[in-house]
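Worksheet: one structure, shown below.
Note that this is a predicted model, so its numbers are computed, not measured.
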Amino acid sequence: MVIEHAFLPVLLGDEMNAYGMARAFYESYGVKPLALNHTNMEKIQHSDLLTFREVPRLHVEDRFVVALKAIAEEFAGKKLLLLACDEFYVKKIVQHKEELAEYFEVPYVDANLAQELLTRESMYELCAKFGFHYPAMHVCTVNDYEELDIPFEYPVVIKPLNMTKYAACIFTGKKKVYIAQDNDEKDAIFHAIYKESAYRDDIMVQQYIPGEDAHMCVVNAYVGQDNKVKLLSVGNPILEEHSPEGIGRYVAIMTAYDQDLMDRVKLFLEEIRFQGFATFDMKYDERDGQYKLLSIELHNELSNYYVTASGYNLMQYVADDFIRGSKQQLTYVQNKHLWTIVPNGVLFKYVQNEQLVIEAKSLIRQGMATDSIFNYKDMNAKRWLNITLDNLSFYRQYKKYFNNKGLSN
């Protein structure tokens with residue numbers, strides 16, 4: 001029997017986090033979101049928890065609003081909740097927020113604040129006013145990179161800032177993020193990006209923070225329409241991906257609790273009058289005992305399901321706020337839970353902190369662990385085969401690319 005729902009989430013983007021978001025919506029409401037234009041189709045196309053649809057040229061400027069308006073007209077009579085799964089579509093949505101708000105519930109800040117938060121220099125300048133620390137950085141362009149004299153010590157992190165355009169580039173030795181140990185390595189990386197590929201946008205050079213994967217920290221927040229924080233969760237990523245195309249992506253997170261950090265994030269988000277989802281990525285710097293802020297995202301990343309798995313459904317917060325108009329109280333997540341998307345064999349072998357391995361094993365034994373992609377309640381032969389092959393590939397990837405120096409900042 002087909003169940004009709006009064007609202008429909010519409011998910012835009014090309015990341016696997018769409019599956020975790022769809023799973024959360026389904027678990028809370030039984031609703032199957034409409035997922036548009038995801039490149040990782042094999043992860044979601046055979047799922048029974050969402051409806052996948054390809055919309056031709058949705059990413060093109062003059063097609064974006066027109067295509068979404070057609071979707072809204074098709075589902076007239078339903079409340080439509082528009083959510084982005086990556087930064088590209090966040091920017092598209094906030095750019096056209098006023099037009100889209102005629103057809104969709106749009107839980108995002110206006111374009112000016114979004115631009116300030118998504119631009120590294122202005123974001124760091126704003127966050128510094130609220131006591132956040134961050135690594136020294138410099139942004140260079142295709143016109144001035146050859147004269148760059150880095151004003152801080154090596155090693156440094158080098159990362160293209162327009163990941164949408166960079167993703168389309170193909171060249172030998174391509175990585176998502178680079179680490180340069182000296183000036184010669186820095187020059188070689190810039191030469192590969194700017195001379196051997198079509199990439200011409202800005203590149204960030206940032207002081208590297210030493211430390212293993214478990215030095216990372218992620219804070220997930222939901223802020224209501226009233227600009228008040230409703231949910232805050234802190235996660236300790238105990239393992240990251242190390243392959244060139246996925247380096248730095250979290251693959252295992254254990255919930256943590258840090259009231260001082262949560263209080264600071266809450267104050268910041270409410271003072272700038274934020275609304276919607278925010279993801280803060282940080283890294284602990286042993287040299288001065290401070291968490292250094294790396295980035296703030298206005299969308300949920302792949303790992304966002306760790307919050308839902310711990311007992312606080314992130315998608316329920318946005319739907320209850322924008323669709324149901326429910327009153328919500330502030331919650332700091334304290335439940336202990338392990339979220340992962342890699343096999344246990346990979347987790348136990350490559351998490352470097354033995355105490356974290358022991359804790360992870362204990363949570364698994366207690367049934368307090370969740371793989372958001374390998375969902376037994378959403379499994380058919382094609383999906384099982386794709387996920388199983390993916391899990392096997394993790395063993396090969398970590399054997400080939402993992403190093404114990406923590407160079408995946």
Set of residues satisfying side chain to side chain contact (heavy atoms under 4.5 Å, CB included) with respect to H96, sequence neighbours excluded: E61, F64, V65, E99, L100

Got more than 12 heavy atoms from elsewhere within 6.0 Å of [atom1], [X]?
X: N112; atom1: CG; value: no
X: Q225; atom1: CD; value: yes
X: L389; atom1: CG; value: yes
X: R273; atom1: CZ; value: no
X: K176; atom1: NZ; value: yes
X: K69; atom1: NZ; value: no
X: K174; atom1: NZ; value: yes
X: E270; atom1: CD; value: yes

Option among I253, I238, T370 that satisfies the side-chain contact (heavy atoms from CB on, under 4.5 Å) test with L338: I238

Nearest non-hydrogen partners of [X] and [Y], listed with the distance:
X: R383; Y: D378; result: NH1-O, 2.9 Å
X: P33; Y: A22; result: CG-CA, 3.8 Å
X: Q207; Y: F152; result: N-CE1, 3.4 Å
X: L298; Y: L117; result: CD2-CD1, 4.0 Å
X: K230; Y: G224; result: CG-N, 3.8 Å
X: E286; Y: H215; result: OE2-NE2, 3.1 Å

Is the shortest distance from a Lys or Arg side-chain nitrogen in [X] or [Y] to a carboxylate oxygen in the other one below 4.0 Å?
X: D226; Y: K228; result: no
X: E271; Y: K129; result: no
X: D110; Y: K97; result: yes
X: R53; Y: E74; result: yes

N183 and Y154: CA distance, side-chain angles, deciding distance, side chain to side chain donor-acceptor pair (under 3.5 Å) verdict: CA-CA 8 Å; N183 199 58; Y154 286 95; 3.1 Å; yes

Is there side-chain contact between [X] and [Y], with at least one heavy-atom pair below 4.5 Å?
X: I203; Y: Y194; value: yes
X: I341; Y: Y305; value: no
X: H46; Y: F52; value: no
X: L12; Y: L83; value: no
X: K186; Y: Q181; value: no
X: F277; Y: P107; value: no
X: R264; Y: F268; value: no
X: K266; Y: Y332; value: yes

Mutual orientation of the aromatic rings belonging to Y376 and F374 [parallel < 30°, tilted 30-60°, perpendicular > 60°]: perpendicular

Parallel, tilted or perpendicular: ring planes of H59 versus F88, cut at 30 and 60 degrees: tilted

Can you measure from [atom1] ([X]) to [atom2] ([Y]) and round to the nearest 0.5 angstrom?
X: H299; Y: E87; atom1: NE2; atom2: CD; result: 7.0 Å
X: Y257; Y: L232; atom1: OH; atom2: CG; result: 10.0 Å
X: I71; Y: L36; atom1: CD1; atom2: CG; result: 5.5 Å
X: N17; Y: S372; atom1: CG; atom2: OG; result: 9.5 Å
X: K382; Y: S47; atom1: NZ; atom2: OG; result: 14.0 Å
X: L34; Y: K78; atom1: CG; atom2: NZ; result: 11.0 Å

Between Y250 and Y306, ring centroids under 6.0 Å: no

Test log, rule side chain to side chain donor-acceptor pair (under 3.5 Å), inputs D321 and Y222: CA-CA 10 Å; D321 184 23; Y222 178 74; 2.7 Å; yes

Charged tip of K399 within 45° of Y350 ring normal and under 6.0 Å: no

Listed partners of Y134 passing ring pair (Phe, Tyr, Trp, His ring centres under 6.0 Å), at least two apart: Y124

